[in-house]
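Encoded as structure tokens, the structure appears first; notes follow it.
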There are 2 protein chains.
Amino acid sequence: MDIKTKLITAAEQLFDRHGFTATGMDRLTKAAGFSSRTVYKHVGSKAALSALVLSERERRFMHYLDVHSVDALFAALEDWVREEGSRGCLFLRAYSETGGDTPEIAETVTAHKAAFRSHIANVVEQDVGKAGGDALTDQILVLFEGATAASVYRGPEAIVAARQAAALLIEQVRP
Amino acid sequence: MDIKTKLITAAEQLFDRHGFTATGMDRLTKAAGFSSRTVYKHVGSKAALSALVLSERERRFMHYLDVHSVDALFAALEDWVREEGSRGCLFLRAYSETGGDTPEIAETVTAHKAAFRSHIANVVEQDVGKAGGDALTDQILVLFEGATAASVYRGPEAIVAARQAAALLIEQVRP
DNA sequence: ACACAGGTAAAACGATCACTTTACCCTGTC
DNA sequence: GACAGGGTAAAGTGATCGTTTTACCTGTGT
């Protein structure tokens with residue numbers, strides 16, 4: 001594992017657990033075990049590192065969601081939360097912590113959410129065809145975001161509820 | 001309007017738009033038009049002010065949601081977002097920005113989310129009786145959280161989708 | 001007339017912020 | 001065996017953090 005990857009991994013943990021703004025670069029350099037000079041040589045700035053963290057997160061998360069039914073989507077989210085814990089969507093958190101004022105972050109988040117919704121649209125179509133249309137896609141999207149947010153304080157139960165609701169909605173449009 | 005109220009109002013705007021951690025106390029004192037000495041005499045500390053902001057937010061938000069049907073719940077959220085904009089749940093944002101490490105904030109958030117869920121349970125029962133049980137309450141809760149989160153990047157469309165989904169779920173359990 | 005409550009501006013507190021600079025120490029290659 | 005490349009530790013950059021202190025002004029009640 002090269003230095004950049006180690007930095008991104010350490011930063012993802014700290015940003016996720018303590019917040020982006022509240023995590024100082026000195027804390028990060030200590031956690032990663034590099035000098036601050038090396039850190040800045042490899043990632044340039046805190047904003048750039050934040051964007052790198054989000055890009056890596058997207059790769060990992062979307063890989064997790066590489067499934068072919070809506071039910072499997074929520075099953076995957078259950079697995080994710082079991083392994084990674086539940087502190088809310090890291091993309092929305094990064095965006096709101098910075099008020100959308102950090103271009104590197106704002107762009108990465110916008111791009112991810114577009115890709116995320118289009119992935120859900122794909123899964124929905126594979127599952128029930130075009131029967132549900134955009135409306136069903138948005139309903140599943142909302143359930144997924146809601147499961148992510150509510151599981152912070154309701155635990156896995158929130159995801160179970162979302163999964164049940166999704167199943168009922170799917171059932172109604174299935175031919 | 002007394003000083004404390006003015007401070008809370010100004011702080012709510014700044015915290016909501018730019019984040020809790022990213023908003024400095026000097027920026028707040030300037031925006032509110034008071035000296036920092038007066039601010040600290042009235043609110044004690046930034047953490048205490050954050051908790052006050054959340055308490056006031058809860059009062060206002062729960063008043064908004066004082067309705068008697070699930071559909072009206074989502075209609076109220078649409079109104080709220082139209083008037084206040086959509087930057088995600090301020091309670092979850094406060095919690096995640098501080099990693100849950102600030103007791104005043106953590107306690108206020110936990111209390112709010114408990115009250116919030118119990119309010120939803122009430123509304124659901126008024127709407128369809130006990131037919132849906134806890135499962136329906138959690139489904140509506142997830143839809144509401146999802147509408148709040150997704151409307152940050154999808155706009156009011158996310159709330160419309162949640163409202164439709166809720167109507168379908170309600171329809172299935174109504175006697 | 002005078003004390004006092006309650007506000008102000010402005011400086012200072014030490015800590016920490018993101019980031020840079022300086023000086024040094026390995027280690028593999030020609 | 002000299003020489004880079006690429007890492008280190010540690011100090012320093014000016015700015016800003018949350019908070020406190022100092023000294024002063026002003027309106028009100030007695």
Side-chain angles (χ1 to χ4, degrees), chain A residues 1-54 93-108, chain B residues 1-54 93-108:
Chain A
M1 198 156 67
D2 68 347
I3 293 181
K4 201 165 172 178
T5 308
K6 281 184 188 163
L7 285 172
I8 292 172
T9 304
E12 184 178 349
Q13 277 228 24
L14 290 172
F15 290 162
D16 186 32
R17 288 200 140 70
H18 307 288
F20 288 77
T21 313
T23 301
M25 290 300 274
D26 58 340
R27 194 174 178 180
L28 170 71
T29 57
K30 263 165 205 155
F34 297 104
S35 70
S36 67
R37 190 170 207 263
T38 303
V39 169
Y40 279 91
K41 278 241 159 128
H42 280 83
V43 302
S45 70
K46 189 187 184 183
L49 175 59
S50 302
L52 286 170
V53 164
L54 292 178
R93 288 172 55 197
Y95 189 88
S96 74
E97 272 205 39
T98 54
D101 296 332
T102 310
E104 292 109 311
I105 292 177
E107 285 159 20
T108 308
Chain B
M1 197 156 69
D2 68 349
I3 293 180
K4 202 165 171 176
T5 309
K6 281 184 189 165
L7 285 172
I8 292 172
T9 305
E12 185 179 349
Q13 276 227 23
L14 290 172
F15 289 164
D16 186 32
R17 287 199 140 68
H18 307 290
F20 288 78
T21 312
T23 301
M25 289 300 274
D26 58 339
R27 192 173 179 181
L28 170 71
T29 57
K30 263 164 206 156
F34 298 105
S35 69
S36 68
R37 191 170 204 263
T38 303
V39 169
Y40 278 91
K41 278 240 157 125
H42 281 82
V43 302
S45 69
K46 189 186 184 183
L49 174 59
S50 302
L52 287 170
V53 164
L54 293 178
R93 288 172 55 198
Y95 189 89
S96 74
E97 271 204 39
T98 55
D101 296 332
T102 310
E104 293 109 311
I105 292 177
E107 285 160 20
T108 308

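Here is the naming used below: chain letters follow the sequence lines, and residue numbers restart at 1 for every chain.
- The shortest non-hydrogen separation linking B/Lys46 to B/Thr23 is NZ-O, 2.9 Å.
- Nearest heavy-atom pair, B/Ala11 versus B/Leu49, reported as atom, atom and distance to 0.1 Å: CB-CD2, 3.9 Å.
- Note: NZ (B/Lys30) to C1' (C/dA10) measures 11 Å, nearest angstrom.
- Taking atom CG of residue B/Leu7 and atom P of nucleotide C/dG7, one finds them 10 Å apart after rounding to whole Å.
- Atom CG in B/Leu49 sits about 12 Å away from atom C1' in D/dG18, given to the nearest Å.
- Side-chain N or O atoms of B/Arg93 include none that pairs as donor or acceptor with a backbone N or O of B/Phe20 at under 3.5 Å.
- Counting to the nearest Å, the P atom of C/dA18 and the CG atom of A/Leu14 are 12 Å from each other.
- Judged by distance alone, the side chain of B/Arg17 and the main-chain N or O of A/Gly99 form no donor-acceptor pair under 3.5 Å.
- For the pair B/Met25 CE and D/dT16 P, the interatomic distance rounds to 17 Å; values are reported in whole Å.
- Between B/Lys46 atom NZ and D/dT20 atom C1' the separation is 17 Å, expressed in whole Å.
- B/Asp26 and B/Thr29 are not linked by any side-chain donor-acceptor pair at a separation below 3.5 angstrom, with hydrogens and angles left out of the test.
- For B/Arg37 against D/dT19, a side-chain-to-base donor-acceptor contact under 3.5 Å is absent.
- Across C/dG7, D/dT20, C/dC17, the shortest atom-to-atom separation from the side chain of A/Asp26 is found for C/dC17.
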Fill in the blank from the handout: Annotated structure of DNA chain D as dot-bracket, pair cut-off 3.5 Å, Watson-Crick or G-U only, | for inter-strand, is ||||||||||||.||||.||||||||||||

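- Distance check, rounded to the nearest 0.5 Å: CD1 of B/Ile105 to CD of B/Glu97 gives 8.5 Å.
- Close to D/dA10, at under 4.0 Å from its OP1 or OP2, lies no side-chain N or O of A/Ser35.
- The residue among A/Thr23 and B/Phe34 whose nearest nucleotide of DNA chain C lies closer to the 5′ end is B/Phe34.
- Phosphate contact (OP1/OP2 of D/dT8, side-chain N/O of A/Thr38, threshold under 4.0 Å): present.
- Of all the heavy atoms in B/Ala10 and B/Leu28, the pair that sits closest is C-CD1, 4.0 Å.
- No contact: B/Gly44 has no heavy atom under 4.0 Å from any strand.
- Here the C1' atom of nucleotide C/dA18 and the CZ atom of A/Phe15 are 12 Å apart, to the nearest Å.
- Among the protein residues, A/Ser45 comes within range of the sugar-phosphate backbone only, with heavy atoms under 4.0 Å from sugar or phosphate atoms but none that close to a base.
- The separation between B/Tyr40 atom OH and C/dA9 atom P is 16 Å, rounded to whole Å.
- Looking at which nucleotide of DNA chain D each of B/Thr21 and A/Lys41 is closest to, the 5′-most match is held by A/Lys41.
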